[in-house]
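Below is one structure, written out as structure tokens; the observations come after it.
Quantities reported herein were computed from a predicted structural model and do not represent experimental measurements.
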Amino acid sequence: MGRYILVFELFLSSIHAEWIQKADFPGILLKDANAISFGDKGFIFGGIEWNGNFNNNVWMYNLSENIWVQKSNLPIALNDSYIYNMPKFFNNSSYIYSMRNNNIYRYNYNEDIWDLINSSYPGVYEAMMPQTIFSTNNYLYAGYGWYDCGTPYYPSSCEQEELFRYNYSLNSWEEIASIEIFEFGNGNHFTFDGQNTLIWNGWHNQLDSTKIYKYQYQTNTIELISTLPYSLNGYLGYSRIFYHQNNLHILGGMEIDGDLVGDTSHYVFSFVDSSWYQRVSLQSTNFDYPGRANPVSFIIENNILCGLGMGSGDYYNNYDLHNDFWQLNLDNLVGDLNFDGEVSISDAILIIMDIIGNSDLLEEQLIIADIDHNQIINIFDAVLIIDIINN
């Protein structure tokens with residue numbers, strides 16, 4: 001066994017997936033747009049234009065045909081020019097939804113129709129902003145936020161601590177116990193892993209802005225999962241976060257270095273080994289204003305799609321909005337056991353840990369780990385991963 005560990009220490013290189021440029025976005029350039037994948041399609045709802053106005057366009061991206069298709073504009077009730085009161089968009093296993101103020105809309109993308117399905121949000125103020133809003137397969141959660149109780153221009157004079165849960169199938173609301181972490185509704189980023197909601201308070205001037213939490217909706221409890229690497233500190237709210245195959249991905253962002261510097265970082269937190277990895281950086285065709293803040297990103301099948309957003313700039317708002325769009329295909333990485341988009345020493349170590357009994361590979365990992373296809377997971381599969389890395 002010792003000689004194989006020596007082999008691992010000698011080879012520390014890796015191979016990784018590459019970003020491939022796709023069709024440029026043909027619409028009005030945007031940042032901070034809502035992006036959702038549903039089946040084999042990706043959708044962009046609204047966003048902020050260069051002049052700060054809210055955009056009401058809806059676009060669908062078809063990966064198989066590499067084309068953009070404009071859909072009907074958002075209904076009037078989902079339009080707002082004030083960034084803090086922008087509607088939230090999300091999906092469960094059946095539909096795409098949006099919520100703004102006390103109204104929930106459901107979108108049928110095949111018929112390109114929005115329907116108002118509920119307008120009975122039971123909170124004390126029907127138009128709180130920016131509300132905490134996120135969704136699981138069965139429930140929508142809404143609450144907290146600010147409301148205007150006397151300030152005419154900036155509605156931050158009062159805060160409401162409340163949390164309600166909407167049942168999709170019963171079309172009904174119920175109040176549940178409030179949780180303090182949701183107070184930072186404007187800075188929180190939410191993603192659903194199929195069982196629990198993962199939360200990152202990414203806003204740079206809030207508490208715990210380097211923490212990743214897991215919300216267990218069955219018990220209404222919060223668990224600290226990890227702390228982000230120090231190198232991510234900055235304007236974290238300009239990044240995008242999503243869960244995919246046992247990994248939490250963080251794309252892009254903005255750092256402060258005199259001017260505003262767009263970040264091209266791609267970080268991955270692996271739930272397989274509870275470790276952070278820095279992966280292949282985001283690409284851009286704009287060399288004058290590189291970086292990517294507030295990008296559009298979503299998953300279609302086993303592909304990460306990312307683009308649009310804001311490049312580097314300064315405090316006088318001299319920056320460019322991007323129109324390029326990129327794909328990271330994770331399908332063809334034989335030996336990528338932790339599904340992070342890279343074949344590295346970490347994947348070989350996972351096989352070793354399984355062999356010596358320190359941990360068990362998941363069923364989908366066992367299939368990938370059988371490099372020589374002999375239906376046996378042994379040290380030779382780990383050695384073959386090393387060969388893949390170095391050849």
Side-chain angles (χ1 to χ4, degrees), residues 16-48 55 57-71 88-91 96 107 109 189-194 198 200 202 238-253 262-269 277-286 290-311 320-333 336 339-342:
H16 51 72
E18 298 288 347
W19 289 99
I20 301 172
Q21 188 173 2
K22 309 302 290 183
D24 288 343
F25 177 66
I28 298 173
L29 298 186
L30 305 164
K31 64 175 183 175
D32 211 28
N34 290 275
I36 292 173
S37 60
F38 197 82
D40 61 347
K41 306 292 191 302
F43 293 85
I44 296 178
F45 301 105
I48 304 298
N55 181 281
N57 293 164
V58 177
W59 287 87
M60 181 182 74
Y61 177 71
N62 185 318
L63 176 60
S64 60
E65 299 181 20
N66 190 28
I67 59 172
W68 292 93
V69 179
Q70 186 168 10
K71 311 296 282 187
K88 306 295 192 300
F89 296 81
F90 42 87
N91 61 315
I96 296 174
Y107 180 58
Y109 77 85
H189 297 242
F190 301 95
T191 184
F192 185 54
D193 69 359
L198 303 174
W200 170 32
Y238 290 86
S239 302
R240 287 297 172 262
I241 177 174
F242 60 85
Y243 176 89
H244 180 60
Q245 287 190 332
N246 292 312
N247 287 286
L248 191 66
H249 293 258
I250 297 178
L251 298 174
D263 198 329
T264 61
S265 295
H266 176 194
Y267 284 89
V268 173
F269 176 75
Y277 300 96
Q278 188 167 10
R279 291 306 177 229
V280 57
S281 298
L282 302 179
Q283 303 297 304
S284 175
T285 58
N286 191 322
R292 202 172 294 275
N294 298 124
V296 164
S297 61
F298 45 72
I299 291 286
I300 297 179
E301 297 172 343
N302 203 25
N303 299 279
I304 299 175
L305 283 303
C306 185
L308 284 72
M310 181 175 68
D320 270 7
L321 295 177
H322 298 313
N323 70 338
D324 53 341
F325 200 62
W326 298 78
Q327 171 192 2
L328 188 68
N329 188 323
L330 305 179
D331 276 331
N332 55 4
L333 287 179
D336 182 18
F339 308 109
D340 65 352
E342 182 172 87

side-chain contact (heavy atoms from CB on, under 4.5 Å) assessment of Q327 paired with N66
CA-CA 10 Å; Q327 171 192 2; N66 190 28; over 6 Å; no

If you round to the nearest 0.5 Å, how far is CZ of R240 from CD1 of I250?
12.0 Å

Is the side chain of S284 donor-acceptor paired with the backbone N or O of N286 at a distance under 3.5 Å, no angle test?
yes

Out of the candidates W59, W68, F25, W19, only one should pair with F325 under the ring pair (Phe, Tyr, Trp, His ring centres under 6.0 Å) rule; please name it.
W68

Atom pair SG (C306) and CG (L251), whose distance is rounded to the nearest 0.5 Å:
5.0 Å

Between I36 and F90, the two heavy atoms sitting closest are CD1-N, 3.2 Å

Where is the tightest heavy-atom contact between V296 and A33, given as atom of each residue plus distance?
CG2-CB, 3.9 Å

CD1 of I241 to OH of Y267: how many Å apart, nearest 0.5 Å?
14.5 Å

Could you measure the distance from the NZ atom of K22 to the CG atom of L305? Nearest 0.5 Å is fine.
8.0 Å

Can you give me the closest heavy-atom contact between N55 and N57, atom names plus distance?
OD1-N, 2.7 Å

Nearest 0.5 Å please: distance from the NE2 atom of H244 over to the CD atom of E301.
10.0 Å

Is there side-chain contact between Y107 and F45, with at least one heavy-atom pair below 4.5 Å?
yes

Partners meeting side chain to side chain donor-acceptor pair (under 3.5 Å) with W326 (sequence neighbours left out):
D324

Within the structure provided, determine whether L308 and I44 are in side-chain contact (heavy-atom separation under 4.5 Å).
yes

Donor-acceptor check, side chain of Q283 to backbone of S281, threshold 3.5 angstrom: yes or no?
yes

Please answer whether the main-chain N or O of I299 pairs with a side-chain N or O of S37 as donor and acceptor at a distance below 3.5 Å.
yes

For N294 and I48, run side-chain contact (heavy atoms from CB on, under 4.5 Å): C-alpha distance rounded to whole Å, both residues' side-chain angles, the deciding distance at 0.1 Å, then the answer.
CA-CA 10 Å; N294 298 124; I48 304 298; over 6 Å; no

Tightest non-hydrogen contact, residues G42 and I300, listed as N-CD1, 3.7 Å

Heavy atoms only: give me the nearest H322-L29 pair and the separation to one decimal.
O-CD2, 3.7 Å

Main chain of H249, side chain of N247: is a donor-acceptor contact present, judged purely on distance under 3.5 Å?
no

Could you check N62 against K41 for side-chain contact (heavy atoms from CB on, under 4.5 Å), going step by step and ending with a plain yes or no?
CA-CA 5 Å; N62 185 318; K41 306 292 191 302; 3.4 Å; yes

Rounded to the nearest 0.5 Å, what separates atom CG in L321 from atom CG in D32?
11.0 Å

